[in-house]
K.L.:
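Here it is, the structure in full.
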Amino acid sequence: MPELPEVETVANGVHERVHGQRIERVWTSGKPQTFKSPEEEIAEVLTGARIERVRRVGKTIVMSVARGSGETAEFLIHLGMTGRLLVSAAEVALPPHTHAVLSLSGGNEVRFVDARRFGRLSVAAAYDGPGAEPLTIGEDAFVALFRGRKLAIKAALLNQSLLHGVGNIYADESLFRAGIRPTRQAGRLTRAELLRLRERLVEVLRHAIKLGGSSVSDYVDADGVRGFFQLEHKVYGRAGENCHDCGKGLKKIVVGGRTTVYCPGCQR
DNA sequence: CTGACATCCTGACGGC
DNA sequence: TGCCGTCAGGATGTCA
């Protein structure tokens, strides 16, 4: 499932291939829940516009476009669980479950493909995301996010209006690396523990970006290429196996409605 | 307001 | 071999 590192990989890959190109035609599938903005509005805003930049904000891919009279707009792509944003030659057959196609001046197409349809497309005047950016938030601001919160730290990490970009994989991996049990009340962690968590979270996100993200489920980048960080998962997807650090059996529980794996030896 | 929980959707996988 | 049930999960909406 695409989280910050996967979305960053896709956004950068798409940017390299499409920036500066003009969108000549827009096709959408008509599946209602995929579109947060009306399809006609998406087509109207994007048709004829030039793609200036494609970047990541939280888990959302933001495509900035320039329109005729100097106006700008943002095309927002959320991949959900199984969404893919691919850049392909127009001659290549459309994959099943394609929900949007932007035909570009250079002859390529940007395609949004999403089997499970948890992904969402919309247009907006501007977009900042719901929460703070994990890679740049300062120490004090990070600590303040969790102050007074009674929910489990794992659930807090998944709450996009606090931090945006962290999902199930990187929540579990950062908590393991910080030695913190996912069920601990967020507001009861010490400042030192939270600072350690912030440091490990940034570390794991940056490392995963370097490896092109984690390929579990069917995540691929703009070229359809898989990432490699899944080979370095220490807890995610390893329930029942032994901890690489202490040898104890990794436990699987549910926190915040999500499958959670942790090491009872290493995480306190 | 905060937090817990169900819901959406379909492919993959395990059991028989 | 093939069928069926179960599971996966990000965001949203509902409810206490």
Side-chain angles (χ1 to χ4, degrees), chain A residues 1-11 29-37 56-62 76-85 94-100 112-122 124 127-134 144-175 182-189 205 208 213-220 224 226-227 229-230 233 235-241 250-262:
Chain A
M1 48 277 8
E3 304 179 27
L4 188 153
E6 293 78 30
V7 177
E8 173 117 0
T9 303
V10 172
S29 65
K31 294 282 183 194
Q33 71 272 45
T34 298
F35 302 93
K36 269 172 82 183
S37 304
R56 175 195 64 77
V57 176
K59 293 181 199 170
T60 300
I61 298 169
V62 181
L76 309 180
I77 301 117
H78 195 295
L79 300 176
M81 264 192 77
T82 52
R84 301 176 177 199
L85 194 67
L94 284 186
H97 309 294
T98 299
H99 294 293
F112 177 69
V113 179
D114 186 14
R116 215 164 287 182
R117 280 191 271 148
F118 276 30
R120 295 291 180 267
L121 303 178
S122 60
Y127 184 73
D128 277 331
E133 176 57 46
L145 287 180
F146 303 102
R147 195 166 294 147
R149 303 236 159 226
K150 294 192 169 160
L151 80 175
I153 183 64
K154 159 85 183 264
L157 283 174
L158 293 178
N159 183 340
Q160 303 295 299
S161 55
L162 297 177
L163 273 183
H164 62 204
V166 181
N168 210 27
I169 298 173
Y170 299 99
D172 277 8
E173 292 297 317
S174 61
L175 285 165
T183 47
R184 296 268 306 278
Q185 251 186 39
R188 296 207 152 175
L189 293 177
L205 291 173
S214 300
S215 285
V216 293
S217 183
D218 51 1
Y219 161 77
V220 290
R226 294 163 58 84
F229 188 71
Q230 69 279 6
H233 290 175
V235 284
Y236 182 87
R238 298 194 60 238
E241 297 176 41
L250 299 177
K251 286 222 149 69
K252 177 165 144 177
I253 56 174
V254 173
V255 181
R258 289 285 162 267
T259 298
T260 299
V261 184
Y262 73 98

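Quick note on labels: first sequence line is chain A, next is B, and so on, each numbered from 1. Just the heavy atoms: all of them, side chains too, but no hydrogens, waters or symmetry mates, feed the values below. Because the structure is a prediction, the values reported are computed rather than measured.
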K.L.:
Please identify each residue that fulfils salt bridge (charged side-chain N to carboxylate O under 4.0 Å, His left out) with A:Asp172, with sequence neighbours left out.
P.N.:
A:Lys154
K.L.:
Could you state the atom-to-atom distance from CG of A:Asp114 to P of B:dC9 in whole Å?
P.N.:
12 Å
K.L.:
How close or far is atom P of C:dG10 from atom CG of A:Leu163, stated in whole angstroms?
P.N.:
15 Å
K.L.:
Report the residues that fulfil salt bridge (charged side-chain N to carboxylate O under 4.0 Å, His left out) with A:Arg117, sequence neighbours left out, ordered by chain and then residue number.
P.N.:
none
K.L.:
At under 4.0 Å, does any side-chain N or O of A:Tyr236 touch on OP1 or OP2 of C:dA8?
P.N.:
no
K.L.:
Ignoring backbone atoms, establish whether A:Lys31 has a side-chain N or O less than 4.0 Å from OP1 or OP2 of B:dC9.
P.N.:
no
K.L.:
Between A:His78 and C:dA11, is there a contact of a side-chain N or O with OP1 or OP2 at under 4.0 Å?
P.N.:
yes
K.L.:
Would you say a side-chain N or O of A:His164 is under 4.0 Å from OP1 or OP2 of C:dA11?
P.N.:
no
K.L.:
Tell me: NE2 of A:His97 to P of B:dA12, nearest whole Å?
P.N.:
9 Å
K.L.:
Specify the closest pair of heavy atoms between A:Arg188 and A:Arg184, including all atoms of both residues, with the distance to one decimal.
P.N.:
O-NH2, 3.9 Å
K.L.:
Using a 3.5 Å distance criterion without hydrogens, assess whether the side chain of A:Arg120 forms a donor-acceptor pair with backbone atoms of A:Gln33.
P.N.:
yes
K.L.:
With A:Arg56, which of A:Glu133, A:Glu3, A:Glu6 fulfils salt bridge (Lys or Arg N to Asp or Glu O under 4.0 Å)?
P.N.:
A:Glu133
K.L.:
Would you indicate, yes or no, if B:dT10 has its OP1 or OP2 atom less than 4.0 angstrom from a side-chain nitrogen or oxygen of A:Arg117?
P.N.:
yes
K.L.:
For A:Tyr262, which of A:Val255, A:Thr183, A:Ile253 qualifies under side chain to side chain contact (heavy atoms under 4.5 Å, CB included)?
P.N.:
A:Ile253
K.L.:
Would one find a side-chain N or O of A:Arg116 under 4.0 angstrom from OP1 or OP2 of C:dG9?
P.N.:
no
K.L.:
Whole angstroms only, please: what is the CD-C1' distance between A:Glu3 and C:dG9?
P.N.:
10 Å
K.L.:
For A:Leu4 and C:dG10, what is the distance between atoms CG and P respectively, to the nearest whole Å?
P.N.:
13 Å
K.L.:
In dot-bracket, 5' to 3', how would DNA chain B read with Watson-Crick or G-U wobble pairs under 3.5 Å, [ ] for crossing ones and | for pairs to another strand?
P.N.:
.|||||||||||||||
K.L.:
Just checking A:Lys252: base, sugar-phosphate only, or nothing, at a heavy-atom cut-off of under 4.0 Å?
P.N.:
sugar-phosphate
K.L.:
Is the base of C:dG9 stacked against the aromatic ring of A:Phe118, taking ring centres under 5.5 Å apart and planes under 30° as the test?
P.N.:
yes
K.L.:
Classify the angle between the aromatic ring planes of A:Phe112 and A:His99 as parallel (below 30°), tilted (30 to 60°) or perpendicular (above 60°).
P.N.:
tilted
K.L.:
When you measure from the side chain of A:Gln160 to the backbone of A:Gly165, do you find a donor-acceptor pair of N or O atoms at a distance under 3.5 Å?
P.N.:
yes
K.L.:
C:dG10 base to A:Arg120 side chain: any donor-acceptor pair below 3.5 Å?
P.N.:
no
K.L.:
Please confirm whether the shortest side-chain N or O distance from A:Thr82 to OP1 or OP2 of B:dC9 is below 4.0 Å.
P.N.:
no
K.L.:
I want to check one thing: is the phosphate of B:dA4, taken as OP1 and OP2, less than 4.0 Å away from some side-chain N or O of A:Lys150?
P.N.:
no
K.L.:
Do the side-chain N or O atoms of A:Arg258 get closer than 4.0 angstrom to the phosphate oxygens (OP1, OP2) of C:dA8?
P.N.:
no
K.L.:
Quick one: on DNA chain B, does A:Gln33 or A:Arg149 contact a more 5' nucleotide (nearest heavy atom)?
P.N.:
A:Arg149
K.L.:
Rounded to whole angstrom units, what separation is found between the CD atom of A:Gln185 and the P atom of B:dT2?
P.N.:
15 Å
K.L.:
Check the phosphate of C:dG10 against A:Gln160, side-chain N and O only, distance under 4.0 Å to OP1 or OP2. Yes or no?
P.N.:
no
